[in-house]
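Worksheet for the structure shown next.
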There are 2 protein chains.
Amino acid sequence: MSTSKTEYILENDVEVNSRESVVDIKKNKQKKGILYDIYFNDKNTIAELSQSLNSSIPSITALVDELVEEKWISETGFAISRQGRRPAIYGVNPNKNYVLVLDINTHDTRIAVLNLKNEIVFSQVSDLQLKNNPSFLETLFQLVDNIVEQKVSKGKDVIALGVSIPGLVNKKTGINYTYKSLNSQDVSLGKLIENYYNLPTFVINDSKATAFGEYHFGLAKGKSHVLSVNVDWGIGLGIVINGEIFDGASGFAGELGHIQVNPDGVLCNCGKVGCLDTITSASSLLKNIKDGLRNGHVSKLDEYKDSLENINLEIVIDAAQKGDGFAIDIIHNIGLELGKGLSIAVHLFNPQIIIIDGVLSKAQKLIVNPIEHAINKYCLTDFKEDLSIEISQLSEDAKIFGVHAYVVEALLKTA
Amino acid sequence: MSTSKTEYILENDVEVNSRESVVDIKKNKQKKGILYDIYFNDKNTIAELSQSLNSSIPSITALVDELVEEKWISETGFAISRQGRRPAIYGVNPNKNYVLVLDINTHDTRIAVLNLKNEIVFSQVSDLQLKNNPSFLETLFQLVDNIVEQKVSKGKDVIALGVSIPGLVNKKTGINYTYKSLNSQDVSLGKLIENYYNLPTFVINDSKATAFGEYHFGLAKGKSHVLSVNVDWGIGLGIVINGEIFDGASGFAGELGHIQVNPDGVLCNCGKVGCLDTITSASSLLKNIKDGLRNGHVSKLDEYKDSLENINLEIVIDAAQKGDGFAIDIIHNIGLELGKGLSIAVHLFNPQIIIIDGVLSKAQKLIVNPIEHAINKYCLTDFKEDLSIEISQLSEDAKIFGVHAYVVEALLKTA
DNA sequence: TAAAGTAAATAATATTTTTTAATAAAAACT
DNA sequence: AGTTTTTATTAAAAAATATTATTTACTTTA
């Protein structure tokens, strides 16, 4: 019997014989299905579960009882009904198991603990940076150890870890290219963490995590074809199709940042010329601002003229929102270029919704409007009929929730 | 009980009570699963089916017996075994049911009859053209009626129709934009055919059908992430992900032909400027050839200098394959541009294989090489590691097989 | 060519699951 | 307060399914 990652959870709780019988397989599957339905699909009464899982009410009752016995779920109340007895509602037990989420960035690292009710029990941002830090992993382990020690009653209830990280994550080897470039080792970050904590660990690209969060808990909830654009220090595209993260053959899908948009453009750090990243990312925005100021552009931001290194994105967005024409123009242009790039993704994926995430999403309408304008200009009309473009409401939490949902799904998913 | 299209087949053969019991639902599902596995997955022994469907051998045996009884399948022989009794092999019954496939083009219409063993029983190409023909549908019905009359023993065994058509096909409304533009009616071509023949009818975009054919029966067989480029009078992209056609929210996904590649380009018939279609399609190839000859380019094709209207694609490709430098150059350039466009699709979909279909695929290496070159130039290296680019071996049959598989899948798919 | 070994098919038995039914409990309506 | 509606619980009969044992069919080996 192969012990795949998705088998972790229930194996310890359900009697598993040396050779699993068909009955046990089915039973396990159904129990996972119940948990999955309760967690993701808001099916929380016996009747709903019975319908959704094509099983009789007595059977589901028995399985639900087992899950209650095993502390996975518990009766949380009663549903409202127009008449008749109110059905009992079952919910995931929030206090039995926790998932630890690590949001690793180039500029900081966030560590969060979530319960299975999708509540952030604890969250801490550390200034631990991924770049140029050879002892990154040791420091990370120390930080996590401390938190687990203090916040999760000696860690005996953490059942899995989820890691969000920028850059390509190879689905087959688990190798992350950001971490790899850091210490030039062909090792899987996930495996390293998994070995250290002896817990199932799932690594996911940051933009994919964000998209998944938007799908499960944000404005994209329930939409079948979702794009989330992570406008950050690079451009990341997360794609969720029919509730599943779209990975591509190796896990690299959605690499919008390195399509060529300007053959005569500047050299990108990927080695190619004129990538979208070189034009529309937050870094290129700051560069444009600084260049403009140096060239004597009139702007509120003039006050930074002699200390350009102090300008950051918040300052620029703030100036734009207060009406500074120069800042508005720069953001507008970036939006137009990004929208042009996105219109290709629209033609290829035909999405229902595009959600703007990442630092630049703070610019709200100032960034959405030009994006929308460009999409109107470059997309065939049929593609726009069912398409909406929205600013994220979850903001940076989208990523955390997304990683968490990814972990829970990986643990519960019926093969 | 809703009667969805996918329920058509087995409903008539399995006793269906007014309210379907859980057992019946499961039984029906399993019987569909068996047919599906036999048709698509080459699972054809009791043991294999038992494993694949998580059901005991006696249960599967009983269901298989029922399906044999109902003439869906039959014992076709015995498998080889290294030792012990040889298991019986079951195969789809080729002579019970037929699917009628209509491949509608702008230049001709092909009508094919296939049995459930995926064999083309009959095929006929008519010069019926979709464009500018108000009585298109009546003529089509007449053609089909004749064929059914003569070839399929009074049509009593045709169980479904599949239609391949160029242009966008709206998944929700069933409206095809090519047929719509023809007679400016907001009607679903599929519904019209379905009503006329009173048979389930499935309409699918031609490039999607081709991709599906390549996935099930061509070089892309078994690959999880497949792109098929239909280089025809326009550029069509068919996408198959994990064995399913990727449709997008409205069915429009894969519209590669109308991404802008040249802001200063010519007007496209879609109304936008500089679309990939205007540069890389077969029509633009012919235009380039003719322009070149008019401008006095030296070439074997000179002989057509005074009768340019007689030049067609076959002639050009033939000249190129015989070494004509001018024809080779033109094809090469188109390949480069197409490859550049495709590299965007590679970044977004991260496919394992790209198959070149359509009329231009006849140019073999002359078109593949520049495509490959461009992808090497514009794609990040990680994307190329598991990627292969191939010329279709199925040629025009890919589309027919693809439509057929699409119909069978739609009929059999377990909800 | 016969015996031994292996695997599939079948039959018999055991188990699980569903169905049915009857009763209890909870809520809303009259 | 009583009736109606809906859900929950339990039990028992019926049906479906899995497991085990046996028989059959075939291959290999001696």
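All values reported here derive from a predicted model rather than from experimental measurement. Just the heavy atoms: all of them, side chains too, but no hydrogens, waters or symmetry mates, feed the values below. First the proteins, then the strands, lettered A, B, ... as listed; each starts at 1.
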> Between D:dA16 atom C1' and B:Glu66 atom CD, what is the distance in whole Å?
Replying inline: 12 Å
> Contact class for B:Ala62 vs. all strands (heavy atom < 4.0 Å): base, sugar-phosphate, or nothing?
Replying inline: nothing
> For the side chain of A:Glu194 and the backbone of A:Gly190, is there at least one donor-acceptor N/O pair under 3.5 Å apart?
Replying inline: no
>> Whole angstroms only, please: what is the CD1-C1' distance between B:Ile89 and C:dA9?
In response: 15 Å
>> Check for me whether the distance between the ring centres of A:Phe401 and A:His216 falls short of 6.0 Å.
In response: no
> Does the B:Glu75 side chain pair with the main chain of B:Tyr90, one donor and one acceptor, at a distance under 3.5 Å?
Replying inline: no
> Mapping B:Pro87 and B:Pro58 onto DNA chain C by nearest heavy atom, which one lands closer to the 5' end?
Replying inline: B:Pro87
> Where the side chain of A:His404 meets the backbone of A:Leu100, is there a donor-acceptor pair that is under 3.5 Å apart?
Replying inline: no
>> Does the protein touch nucleotides 25-30 of chain C at the base, only the backbone, or not at all? Give it as B, S and - per nucleotide, heavy atoms under 4.0 Å.
In response: BBBSS-
> Do side-chain atoms of B:Asn93 reach the backbone of B:Lys71 as a donor and acceptor pair under 3.5 angstrom?
Replying inline: yes
> Would you say B:Ser55's side chain and B:Ile60's backbone share a donor-acceptor pair under 3.5 angstrom?
Replying inline: no
>> I need the CD-C1' distance between A:Gln30 and C:dT16, as an integer number of Å.
In response: 12 Å
>> For a 4.5 angstrom cut-off between non-hydrogen side-chain atoms, does B:Leu35 reach B:Leu67?
In response: yes
>> At a heavy-atom distance below 4.0 Å, what parts of residues 45-52 of chain B sit against DNA chain D?
In response: none
>> Check whether B:Thr61 reaches the backbone of B:Ile57 with its side chain - one donor and one acceptor, N or O, closer than 3.5 Å.
In response: yes
> Any luck finding a side-chain donor-acceptor pair between A:Tyr39 and A:Glu409 under 3.5 Å?
Replying inline: no
> Would you say D:dA18 has OP1 or OP2 under 4.0 Å from some side-chain N or O of B:Ser55?
Replying inline: yes
> Whole Å only: how far is the CD1 atom of B:Ile80 from the P atom of C:dT6?
Replying inline: 19 Å
> OP1, OP2 of D:dT17 versus side-chain N and O of B:Ser59: anything below 4.0 Å?
Replying inline: no
> Among C:dT10, D:dT9, D:dA18, which is the nearest nucleotide to the side chain of A:Ile57?
Replying inline: D:dT9
> To the nearest Å, how far apart are B:Asn54 CG and C:dT17 P?
Replying inline: 14 Å
> Taking atom P of D:dT17 as reference, at what distance in whole Å does atom NZ of B:Lys29 sit?
Replying inline: 14 Å
